[in-house]
Structures are given as structure tokens and as C-alpha cells.
Chemist: 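Sending over a structure as C-alpha cells; questions will come in a sec.
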Amino acid sequence: MHDLGYFRSHLDAIAERLATRGFQFDVSAFRDLDVQRRAALTEVEQLKAQVNSESQAIGKLKKQGADTSELQITVRALGDRIKSLDEKVKEVDETFRSQLAGIPNVPHSSVPTGKTADDNLEVRRWGTAPKFDFEPKPHWDLGPELGILDFDRAAKVTGARFVVYWEAGARLERALMNFMLDTHTRHHGYTEILPPFMVNSASLYGTGNLPKFADDLFKIDKHDFWLVPTAEVPVTNLFRDETLDVEKLPICLCAYTPCFRSEAGAYGRDVRGIIRQHQFQKVELVKFTRPEQSYEELDKLTADAEDILQRLGLPYRTVVLCTGDMGPSSSKTYDIEVWLPGQNAYKEISSCSNYEAYQARRANIRAKSSKSKADHVHTLNGSGLAIGRTWVAIVENYQQADGSILVPEALQPYVGSDRIAAQPSKSFRP
RNA sequence: GGAGAGGUGGCUGAGUGGUUGAAAGCACCCGCCUCGAAAGCGGACUUACUCGAAAGGGUAACGCGAGUUCGAAUCUCGCCCUCUCCGCCA
């Protein structure tokens, strides 16, 4: 959400920047609505002021023993007018606010202008794609063959776009989770959080998932609870409606959660394998920073996510999203894309964004020192990393001619072996 | 899930339906005092929206929402949360 005062006084410049991300902002319609809203507010507030002062007068008169019944009748009439005007104000105000809330963030000046993912800019590339003297397989073949992925039973137990990991497959997922959390807490200075996996709607409004993206979420029946689509939601909302000590910034948190997404609108995309599931696991990085340090912290956060891939020896490239490809809340986003031999392509494995104060205004997260006034913090987050896709990257990049998977050295203590071969339980699974 | 108690400013904590946006204390901030500090003294001390060139006004907010009333922190109803006891449960 934009700061109203600033927004109003920079309308044209902001509209111009928003156009670069394909958002056509009707400045004059906004101005009209703004004027309309303020006129309605002024009118009803003047009436309320009148009621207040006359009510006070009634109180005084009554104390003196005077008869106030006639005055009460006139004030009562005012009250009726206020009631109907209030409804109008509420309507205009809600339209205005929802419109304001629907206006995307302004892209940072360093973000390349563009329309689609094709216009994203590669900023660096790390590692080299492995060379195979055989035809590398995609994970949706390797997984079932090794007995570590089971799509059929997941479909039976729950439905499409779910998966069961077996044995070393399950252990690899768990190993990645621990490896990521350990690396971020021991080497990158993050504090570990284990948040609830369900959140209320106020939290989802705070991060901007509601009201616009309700279709992407799973809602719990009979409760105001939703399954988290990412740990960003509970972790960012830890400090909703709080004023932090500016000296404690930046606050760097990391959290493991499963993530639940309905993937409405993504039917037909990535249907094979575990690239796009209704449930996946992720370690998320979240930062709360001072405004002047947020871009430096974004670069660090992105590097922290990349470090996981480097330690695992997985080739990747990092791109900066162009204006047209960024999420609406973001001022600047880096995507990290890992190399997947089975698909002969780089695939997004992390998305690292600086929301500046856009999200903090929504969630009302501020910081102050003893001498300064409270100001909204900047919020940042990024995957560090999506565990399922990291699992895929390991399986596909480290596959051997015999169908087994080598385990990267950094992960071996976590997995407990240096190789994943066909699993024993395959023999008794019909 | 049932019964009871409670939710007031950064914290503690007053608050008979009528100058209470809110006493008092603490904390924080600015002065004075001091070589410096503490103590003491004086002052300042919520936020959002809105009117105004400014000075300065106005509206709203005492968990959230609705209601009663000329007027609600105070009364009524619903919901949420915390605490105690009971039940259930990993």
C-alpha cells in the first residue's frame, strides 16, 4: 500500500513508473474519487462536531435542572442524517481504499523495464551444467524407479498434485531442510523461527495475499484460518502492528514450513513431477530493515540463498525481474534459477524481493529510536530455498548411468550416505 | 467443548453514561541543577484521517463488530484473545 500523502502529491510521476509494469493507472479517476471522499468526510465530520458540542451543552443544562427535551429532538434528527451520510462515506472510503491498496508498488530505478519474463536480465551465472555420457532422465522417471517418489498413492490418499516421498527420498527432503536451516543460522546470521502453518485473514491482508489472491489459498472450513502459502506470511506478521527498536535492525529470520497453494490458474503448467504441487516444503528468509539499508540487505539475502546452491554444487543463474514480471508488492526482485538436466532448462528455485515500505504500511510495522519518530521499516524476503525443487535439482544433476544418485558432500552427514540407490522397500511395495 | 475472571496509552494502573484522548506512577525525551552522574525541579510525551498558506481546528480510536442514548471507556448483544478450574487430546 502506498503512503496516501506522498502518493497524492506525486500522482503523475508514480503513474508513469507504474506504466512500466503494465499497470494503467487512471490518474483523473483517482483524483475525482479522492476529492469525493474528502468532501463526504468533511461534511459528516462537521455534523458530528455539532452533535458533540450540543450533547455537551445538554449535559450542562441538565445539571442546572433545565428541560432539554426539545434540544434532544433536534440533535436526534442530526443523528439520523449522520447515519445515512456515514453509510455513504463508508462506501466511498472503501472503494477508495481498495483502489489504493490495489495499486502496485513502484519499481526501483535499477529494475530493467520490460513486459514479460523474456525481458528479465541475467546478472550472474554460477557452476557448469553436468555432462552426461547417457541420456539424463527427469526426476518424475528417476523418483519412481528408485522407489523414492510415489505419485499414485498420493493421488489415492489426497489427490492430484501431491506426492509421497519414500525412504531415502523422504530423508533427502528432511536433510535439505536441516542443511538449509543450519547454514542460514550458523553462517548467515539468521534467527530460526517455527511459526504456525495456519494464519488468520488479518495476517494475509498484512502481506498482501488477501484480498486479491484468495483463489491461490486453501481456507479452513468453519474457522478464520488459512493454510500458509509461504512462511513469509506468519513470519512477516510476527511484528504486525508493532513498533520496533531501530537499533535492532536489521532483523533477519528464517523459517521452515510446508507451503500450500491451490495453484488456481496454473492448471496445465508443470503437471509432471513435483515442480508445482499443492503442498511443498520451503525454508524462507525474512528481513526487517531500515529504509536506507534495504537494498544492501537484498543483495546479501540473495547471496545467502545462492550460497545454499553453491555448497550443494548445483549450477544456477540469477536474474533480476523486469518491471512487467515482478509481483505487485515488490520494488525489486531477483529470481534464482537452478539448472535441471532432466528438463534441459533453468527453473526458479528462489525469489528474493525488497518490498520497501509497501508491505510494512499494510501490516503497520514501524521502527523508531528514542530520538526519532516511528517510520515504516522495509520488509524483504526470499526462498532459501524451495526444498522440493532443490530435491529435484540434486536428483537430476547427480544422477548416474546406473540410475543411482550421488549425494553432494555437504549433504552427506545429513543424508547418512554418499549415494541413493534403488530402495529396499520397493521390493515389498506392490 | 463447559464454568468463572479479565482485556484501558511503551509498561503498571484509576475511571459514578456528560469538558476523560483518558487520573496517578514508571519509562522515554528536552531543559535547569552538577566537574559529571544520580536525586530533585520544570516541561514535553498516541495514532490515523481531515480542514487550513500557517497558526490552529475537526473527526475517529479504551480487544473487534453491532446496538441503546442528545451523549458510551462506562449499559446491551455477538465474536476474538488471556488467565483459573473441569472435560478431551499428542
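Proteins get letters first, then strands, A, B, ... in listed order; numbering begins at 1 in each. Because the structure is predicted, anything quoted here is derived from the model rather than measured.
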Chemist: Taking the C1' atom in each of B:C30 and B:A24, what is the distance between them to the nearest angstrom?
Modeler: 22 Å

Chemist: Quick one: which protein N/O atoms are closer than 3.5 Å to N/O atoms of nucleotides 74-76 of chain B? Pair and distance per line, please.
Modeler:
none

Chemist: Parallel, tilted or perpendicular, judged at 30° and 60°: which one describes the rings of A:His184 and A:His188?
Modeler: tilted

Chemist: Do A:Phe7 and A:Phe25 have ring centres separated by under 6.0 Å?
Modeler: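 Here the rings of A:Phe25 and A:Phe7 have centres that are less than 6.0 Å from each other.
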
Chemist: Determine whether more than 12 heavy atoms belonging to other residues, nucleotides or ligands lie under 6.0 Å from atom CD of A:Glu16.
Modeler: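 12 or below, so no.
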
Chemist: Whole angstroms only, please: what is the CG-C1' distance between A:Asp375 and B:A48?
Modeler: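 That distance rounds to 15 Å.
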
Chemist: Write down the distance separating the P atoms in B:G25 and B:C80, rounded off to the nearest Å.
Modeler: 39 Å

Chemist: How far, in whole Å, is B:A72 from B:A66 if one measures between their P atoms?
Modeler: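 Rounded to whole Å, the distance is 14 Å.
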
Chemist: Tell me which nucleotide, if any, is Watson-Crick or G-U wobble paired with B:A38 when both distances must be under 3.5 Å.
Modeler: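 The answer is none; no pair meets the criterion.
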
Chemist: Report the distance from atom CZ of A:Arg240 to atom C1' of B:C80, rounded to the nearest whole Å.
Modeler: 13 Å

Chemist: Please confirm whether the ring centroid of A:His278 lies under 6.0 Å from the ring centroid of A:Phe260.
Modeler: no

Chemist: Quick one: A:Asp34 CG to B:U50 P, roughly how many Å, whole number?
Modeler: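 Those two atoms, CG and P, are 7 Å apart.
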
Chemist: Nearest whole Å is fine: how far is B:A61 P from A:Asp86 CG?
Modeler: 10 Å

Chemist: Would A:Asn200 and A:Asp224 count as a side-chain hydrogen bond (donor to acceptor under 3.5 Å, both in side chains) here? Give the steps.
Modeler: CA-CA 5 Å; A:Asn200 56 32; A:Asp224 180 30; 5.3 Å; no

Chemist: What verdict does the side chain to side chain contact (heavy atoms under 4.5 Å, CB included) test give for A:Glu43 and A:Val89, after you've listed the backbone C-alpha separation in whole Å, the side-chain angles of each residue and the deciding distance to 0.1 Å?
Modeler: CA-CA 9 Å; A:Glu43 189 185 1; A:Val89 166; over 6 Å; no

Chemist: With rounding to whole Å, what would you report as the distance between B:A14 and B:G87 at their C1' atoms?
Modeler: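 38 Å, rounded to whole Å.
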
Chemist: Applying side-chain hydrogen bond (donor to acceptor under 3.5 Å, both in side chains), run through A:Ser425 and A:Glu167 and close with a yes or a no.
Modeler: CA-CA 8 Å; A:Ser425 73; A:Glu167 294 195 274; 2.6 Å; yes

Chemist: For B:G40 versus B:U59, give the span between their C1' atoms, rounded off to a whole number of Å.
Modeler: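 Nearest-Å result for B:G40 against B:U59 at atom C1': 41 Å.
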
Chemist: Can you check the A:Asp241 CG to B:C81 P distance for me, whole Å?
Modeler: 16 Å

Chemist: Evaluate side chain to side chain contact (heavy atoms under 4.5 Å, CB included) for A:Phe96 paired with A:Leu4, printing each intermediate quantity in order.
Modeler: CA-CA 11 Å; A:Phe96 179 78; A:Leu4 182 55; 3.6 Å; yes

Chemist: What do the steps show when you test A:Leu321 against A:Val319 for side chain to side chain contact (heavy atoms under 4.5 Å, CB included), and what is the final call?
Modeler: CA-CA 6 Å; A:Leu321 299 194; A:Val319 302; 4.1 Å; yes

Chemist: Can you confirm whether A:Arg419 is buried at CZ, in the sense that more than 12 heavy atoms of other residues, nucleotides or ligands lie under 6.0 Å from that atom?
Modeler: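 Correct, the count exceeds 12.
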
Chemist: Applying a 3.5 Å limit to both distances, which nucleotide forms a Watson-Crick or G-U wobble pair with B:C88?
Modeler: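 The base-pairing partner of B:C88, which may sit in any strand shown, does not exist here.
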
Chemist: Output a table of nitrogen or oxygen pairs between the protein and nucleotides 57-60 of chain B separated by less than 3.5 Å.
Modeler:
unit_1 : atom_1 : unit_2  : atom_2 : d
B:G58  : N2     : A:Glu45 : OE1    : 3.0
B:U59  : OP1    : A:Asn52 : ND2    : 3.0
B:A60  : OP2    : A:Asn52 : ND2    : 3.3

Chemist: Find the distance A:Lys60:NZ to B:U20:P and express it as a whole number of Å.
Modeler: 11 Å

Chemist: For A:Arg38 and A:Asp34: C-alpha separation, side-chain torsions, deciding distance, then whether salt bridge (charged side-chain N to carboxylate O under 4.0 Å, His left out) applies.
Modeler: CA-CA 6 Å; A:Arg38 287 197 275 174; A:Asp34 188 28; 3.3 Å; yes

Chemist: Can you confirm whether more than 12 heavy atoms, excluding those of A:Glu409, are under 6.0 Å from its CD atom?
Modeler: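 Atom CD in A:Glu409 is not crowded, with 12 or fewer foreign heavy atoms closer than 6.0 Å.
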
Chemist: How do A:Leu41 and A:Ala57 order along RNA chain B: which one's closest nucleotide is nearer the 5' end?
Modeler: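 Of the two residues, A:Ala57 wins.
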
Chemist: Are A:Arg37 and B:U50 close enough that a side-chain N or O sits under 4.0 Å from OP1 or OP2?
Modeler: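 Yes, because at least one side-chain N or O of A:Arg37 sits under 4.0 Å from OP1 or OP2 of B:U50.
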
Chemist: Dump the intermediate steps for side-chain hydrogen bond (donor to acceptor under 3.5 Å, both in side chains) on A:Thr183 and A:Arg311, then the final yes or no.
Modeler: CA-CA 10 Å; A:Thr183 305; A:Arg311 287 169 188 257; 4.8 Å; no

Chemist: With rounding to whole Å, what would you report as the distance between B:U46 and B:A73 at their C1' atoms?
Modeler: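 It comes out at 16 Å once rounded to the nearest Å.
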
Chemist: Could you give the distance separating B:G13 and B:G6 at their P atoms, to the nearest angstrom?
Modeler: 14 Å

Chemist: Rounded to whole Å, please give me the gap between CG in A:Asn364 and C1' in B:C49.
Modeler: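 Taking CG of A:Asn364 and C1' of B:C49, I get 14 Å after rounding.
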
Chemist: Looking only at atom C1', what distance separates B:C83 and B:C51, rounded to whole Å?
Modeler: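 Roughly 46 Å separates the two C1' atoms.
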
Chemist: Base, sugar-phosphate or nothing for A:Arg361? Non-hydrogen atoms, less than 4.0 Å.
Modeler: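 Nothing, no heavy atom under 4.0 Å.
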
Chemist: Please state how far atom CE in A:Met1 lies from atom P in B:C49, giving the value in whole angstrom units.
Modeler: 9 Å

Chemist: What N/O pairs connect the protein and nucleotides 64-70 of chain B at under 3.5 Å? Give each pair on its own line.
Modeler:
unit_1 : atom_1 : unit_2  : atom_2 : d
B:C70  : OP2    : A:Arg76 : NH1    : 2.6
B:C70  : O2'    : A:Ser55 : OG     : 2.9
B:C70  : N4     : A:Lys62 : NZ     : 3.1

